[in-house]
Amino acid sequence: MLPFRRNPDTAFKLFSVTFIVVFYLLYSSFYDPPLKLERTSKPSGPKVQNETWQGDTARADVARLKRVEEAMKHSFHGYRVKAWGYDDIRPVSGRPANSSYGWGGYILEAAPSLAVMGLWEEFALCLDHIVERIDFSRTQVLVDPAIATKRYLGSLVSLLELADTEVVAEGNITAAEREKIMDKAVILANKLLPAYATTAGLPFPRVDFLTGDGMPRPASFDSDMKPRPQEYSIEPSDAATILELAGLTRLSGNTEYYMRAIQAWAPLIWDKFVEPFPGLIAGPFDIFSAEPERLQRHWDAGHGDFYETLLKAVMFAPKDKLAPTYQRRWLQSAYAVRHNLTSRSLPADNHLTQHMYLGKWDSEWYLNEMSQEACSAAGVIILGARFMERPDLFPLGQAILEGCRYVYTSSSCNLGADRWSWQPMSVSRNGTFGPTTNRSSTELNEHSYWVSDSSYKFQPNYFASLFHAFRVTGEQRYRDWAWDAFNAFDRDCKTPFGYAGLSDVMEGYAGRANWADDVDGGMVLETLKWLWLIFADTDVMSLDRWIFTTGGYPLRRG
């Protein structure tokens, strides 16, 4: 493993980074951004959705679709009765909670999903709250610009897209309501812009909506209660906000949002530090110098959104002059996954089958650990293989997805643990971790992996990959895998007030004793949205016309 380049000196590196950002901003200002698309324009990129469906597989599976709709209504009803206007509901106790910024986060995240599913009564309630009651200037805490952009601004931009394409009929969003949504989106985006006022262009970890200042991540305590200082660093995924900001530029005509988005990830796209595995950037980054603070390279939490956005930025605006650069960087990252991150599990005494998982590099250490968030890589690679006409990448995406599915089916309740480890088969992947307890040794012997975090937190990434795999390949098995997981979800997680995460998926069904009362409602909504789309008619939100952001919101392809 090579360290990141230490020469030239820091002053010259700062000058170089600043020059790159300024150059691209000036360069982009001299051509007409292709994001000024007509609302009636047709997608210009290649088709990606399967066209040769077998039997009725392209049609809606009505019985399964209804079950998912019932689950969505159950989740919404619990929130509506017990926590309306709050960010979330605690699904076991039924208590309301403001887990983010007090804007009614659940409502913002629910609205696009309800629109796609055609649940208009519930949608109308959300729409009224969004246009009449949300005030983005009112929050008493520092705002994470990445979260606010991907989850909340992304929701508003997606609503506008759905209205403009008549997915939401005019009777469900009036012209006046559309303008109010646009006003809200612009207000939120303008509140977030100070986050990008850094030397290198990388956004601040936080922004103060009251003062309009970019801020560090607040001081905190680690797991050993040792104080952590304020931090001016971000993960690569935090800079990947181009879809939401470019989407707002396309709708509003204001190019500043798009230019800020380019500025935010320019130091990562044009990486000036050595990449031992071309395509995999190191992180996290110092926001002022754009220099990596650690040599972590992977496609897991904190990094995966960056690589996913590379692909979808090309699909969103294929005529953009920077699209070839994004495409080249994404292909580099996909092949780096195959050659440098993946490893197959060593067969165990009671499980001889090998499974493919995604590890991580931390400097020269190969971390044989994967989380649910990395399961998104499977669907993104399958989608990219079709879009970029690289059929050799299909087996890679499918193998990773099969590995994620095995983690679900091998648990006692058929839901996947949040994080797990395995013993790599390859001699070139000497794993850092090994089983340290009787339980982990037993799990390794029985399943060829052991859990390092046994909780179930409704991470939607596995379901997003099943959706993309089904729509691209047309294989019925992906619908069936989704149905198996949904039945487990509906059986084990359903509470009187919604759906609760599980403390330990390896313990089997234990009802209230295994429920967690701090679930993220947005994750539940996104999980149910993916499930509904898997069972819907394949013409609904076709991948030939739509892409989905890393927050799960649909945007029109350019």
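Numbers here simply count residues along the sequence, with the first being 1.
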Full working for side chain to side chain contact (heavy atoms under 4.5 Å, CB included) between Phe470 and Asn50: CA-CA 8 Å; Phe470 174 64; Asn50 181 62; over 6 Å; no

When you measure from the side chain of [X] to the backbone of [Y], do you find a donor-acceptor pair of N or O atoms at a distance under 3.5 Å?
| X | Y | value |
| --- | --- | --- |
| Asp418 | Lys457 | no |
| Ser155 | Leu108 | yes |
| Asp88 | Gly521 | yes |
| Thr149 | Pro145 | yes |
| Arg545 | Asp539 | yes |
| Ser371 | Arg419 | no |
| Gln372 | Ala417 | yes |
| Arg64 | Ile534 | no |

Sole candidate of Phe277, Phe433, Trp361 that passes ring-ring contact (aromatic ring centres under 6.0 Å, His included) when paired with Tyr366: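 The single option meeting the ring-ring contact (aromatic ring centres under 6.0 Å, His included) with Tyr366 is Trp361.
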
Are [X] and [Y] side-chain neighbours, meaning at least one heavy-atom pair lies under 4.5 Å?
| X | Y | value |
| --- | --- | --- |
| Leu162 | Trp546 | yes |
| Tyr307 | Val337 | no |
| Ile269 | Phe306 | yes |
| Met523 | Gln459 | yes |
| Pro284 | Arg294 | yes |
| Ser410 | Glu446 | no |
| Leu533 | Lys529 | yes |

Donor on one side chain, acceptor on other, Ser343 and Trp422, under 3.5 Å: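 Per modelled atom types, Ser343 and Trp422 side chains form a pair under 3.5 Å.
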
Could you tell me if the ring centre of [X] sits under 6.0 Å from that of [Y]?
| X | Y | result |
| --- | --- | --- |
| Trp265 | Phe285 | no |
| Tyr79 | Tyr86 | no |
| His468 | Trp530 | yes |
| Trp532 | Phe463 | no |
| Tyr408 | Tyr406 | no |

Steps toward side chain to side chain donor-acceptor pair (under 3.5 Å) verdict (Tyr456, Asn514): CA-CA 10 Å; Tyr456 176 65; Asn514 201 17; over 6 Å; no

Shortest non-hydrogen contact from Asp238 toward Pro203: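 Looking at all heavy atoms of both residues, the closest pair is O-CG, 3.9 Å.
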
Full working for side chain to side chain donor-acceptor pair (under 3.5 Å) between Tyr478 and Gln398: CA-CA 10 Å; Tyr478 297 122; Gln398 291 175 309; 3.3 Å; yes

Steps toward side chain to side chain contact (heavy atoms under 4.5 Å, CB included) verdict (Val81, Phe497): CA-CA 9 Å; Val81 172; Phe497 307 109; over 6 Å; no

Working for ring-ring contact (aromatic ring centres under 6.0 Å, His included), residues Phe548 and Phe467: CA-CA 11 Å; Phe548 290 84; Phe467 165 74; 5.5 Å; yes

Plane angle bin for Tyr499 and His74 - parallel if under 30°, tilted between 30 and 60°, otherwise perpendicular: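 Rings of His74 and Tyr499: perpendicular, over 60°.
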
Parallel, tilted or perpendicular, as decided by the 30° and 60° cut-offs, for the rings of His355 and Tyr357: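 Because their plane-to-plane angle lies in the 30° to 60° range, the rings of Tyr357 and His355 count as tilted.
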
Just wondering, more than 12 heavy atoms not from [X] lying within 6.0 Å of its [atom1]?
| X | atom1 | result |
| --- | --- | --- |
| Asn438 | CG | no |
| His339 | NE2 | yes |
| Arg439 | CZ | yes |

Of Glu161, Lys150, Glu109, the residue whose pairing with Tyr553 passes side-chain contact (heavy atoms from CB on, under 4.5 Å):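 Between Tyr553 and the candidates, side-chain contact (heavy atoms from CB on, under 4.5 Å) is satisfied uniquely by Glu109.
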
Side chain to side chain contact (heavy atoms under 4.5 Å, CB included) assessment of Gln296 paired with Glu235: CA-CA 10 Å; Gln296 296 179 340; Glu235 295 286 0; 4.3 Å; yes

Criterion side chain to side chain contact (heavy atoms under 4.5 Å, CB included) on Met315 and Leu383, from CA distance to verdict: CA-CA 10 Å; Met315 298 180 72; Leu383 181 65; 3.9 Å; yes

